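In listed order, ligands and their atoms are each counted from 1. What's counted below: heavy atoms across the whole structure, side chains too, no hydrogens, waters or symmetry copies. Nothing here was measured: the structure is a model prediction, and the numbers come from that model.
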Amino acid sequence: MDAPTLQPKFLKNGTDLGIVAVGFSGGQCKAGVDAAPMALIESGLADQLKDDLEYNIHFDNKVHSYTELLPSSDPDHRGMKKPRAVSAVTQALSQQVYDHAKEGRCVLTLGGDHSIAIGTISGTAKAIRERLGRDMAVIWVDAHADINTPETSDSGNIHGMPVAFLTGLASDKPDAPFGWLKDEHRVSVKKLVYIGLRDVDRGEKKILREHGIKAFSMHDIDRHGIGKVMDMALGWIGSDTPIHLSFDIDALDPRFAPSTGTAVRGGLTLREGDFIAECVHETGSLVALDLVEVNPSLEEAGAAETVRSGVSIVRCALGDTLL
Ligand SMILES: NC(=[NH2+])NCCC[C@H](N)C(=O)O
Ligand SMILES: [Mn+2]
Ligand SMILES: [Mn+2]
């Protein structure tokens, strides 16, 4: 098929793709989400990106689990579970993503639970600021808002908090676990757009309202259709802004992605998920993409289905077309 795929609007060229595989599950309590990158790669994702979509792949062929960085003791901090582990992993990941993005490459990160977005988005935001002098936007596709602060969270699971830390709604003292996050790593609440929400905690709803955060829930998708919602979402961001797409597989309905830790019924069809990814690709503004929360060990109707859905989303975001 015709290459290359990404328009080089904010990238050095359209064909260089950095891949980071993150085998980390410490942002939540269920084992297995760390096996997702291997499952995605074994199903042929990286090869397809190279052979079908003709990307020039920059990948160390390794699933990073950062075991050497994990602390021996990690007591709760402000109610957060495993704060030092999540902090150490996301700080290292931030640097890896930054290194790719600084070279002008698009960066694909395969998670891992959604806490890793603290690393990916901070790394992209910093590199885009340095390279282009611009702030980027984030499109967060998820059943959940993941914007709890340590204080509003009921679970203490950090995968429910990344957006709070990334926007500065939550922060830590310089010598505390997330003290490494600085302004250069952050994104504005005004440049954040949610799609697919349907399980938002009470404290999170308050945060979304008080900060005027743009969010399209499943209700909005039912009302307007996914086509109109994407027009509105991309209209909010504007055509002149680099985009980081963070895609939680649990945005999809459990019929299409059963193997995930916090599945919520009433979600996106696979076609709606693919359509979101296709629309983001068409902007030519995509600078980074995360695919998170695939958990191959939660095998209900079979993880193969969930892995296949994940591969499909990534392919669409990176320029695969139906015709
Ligand atoms: N990335 C996710 N799947 N997040 C689920 C978060 C669930 C809940 N809101 C919490 O704070 O724990
Ligand atoms: Mn989620
Ligand atoms: Mn999430």
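- For the residue pair Thr269 and Phe256, the shortest heavy atom distance occurs at CA-CE1, 3.5 Å.
- Glu184 and Arg129 are not joined by a salt bridge, as no carboxylate oxygen comes within less than 4.0 angstrom of a charged side-chain nitrogen.
- No side-chain N or O of Thr321 forms a donor-acceptor pair with one of His281 less than 3.5 Å apart.
- Of the listed options Thr262, Asn148, Asp146, Asp146 places a heavy atom closest to atom 6 (C) of ligand 1.
- Contact check on Asp220 versus Arg223 returns no salt bridge, with no Lys/Arg side-chain nitrogen under 4.0 Å from an Asp/Glu carboxylate oxygen.
- Of the charged side-chain nitrogens involved, none lies within less than 4.0 Å of a carboxylate oxygen, so that Asp113 and Lys30 do not count as a salt-bridged pair.
- Note: no N/O pair closer than 3.5 Å links Asn157 and ligand 1 by distance alone.
- Considering every non-hydrogen atom in both His244 and Thr124, the closest pair reads ND1-OG1, 3.1 Å.
- By the 3.5 Å distance cut-off applied to N or O atoms, Asp250 is counted among the residues near ligand 1.
- Note on ring orientation: taking the six-membered ring where Trp is involved, the planes of Trp180 and His185 are perpendicular (angle over 60°, cut-offs 30° and 60°).
- Using a 3.5 Å distance cut-off with no hydrogens or angles, the side chains of Glu103 and His58 do not pair a donor with an acceptor.
- Polar contact with ligand 1: absent for Asp142 (N/O pair, distance under 3.5 Å).
- Within the protein, the number of N, O or S atoms lying under 2.8 Å from the Mn ion (ligand 2) is 5.
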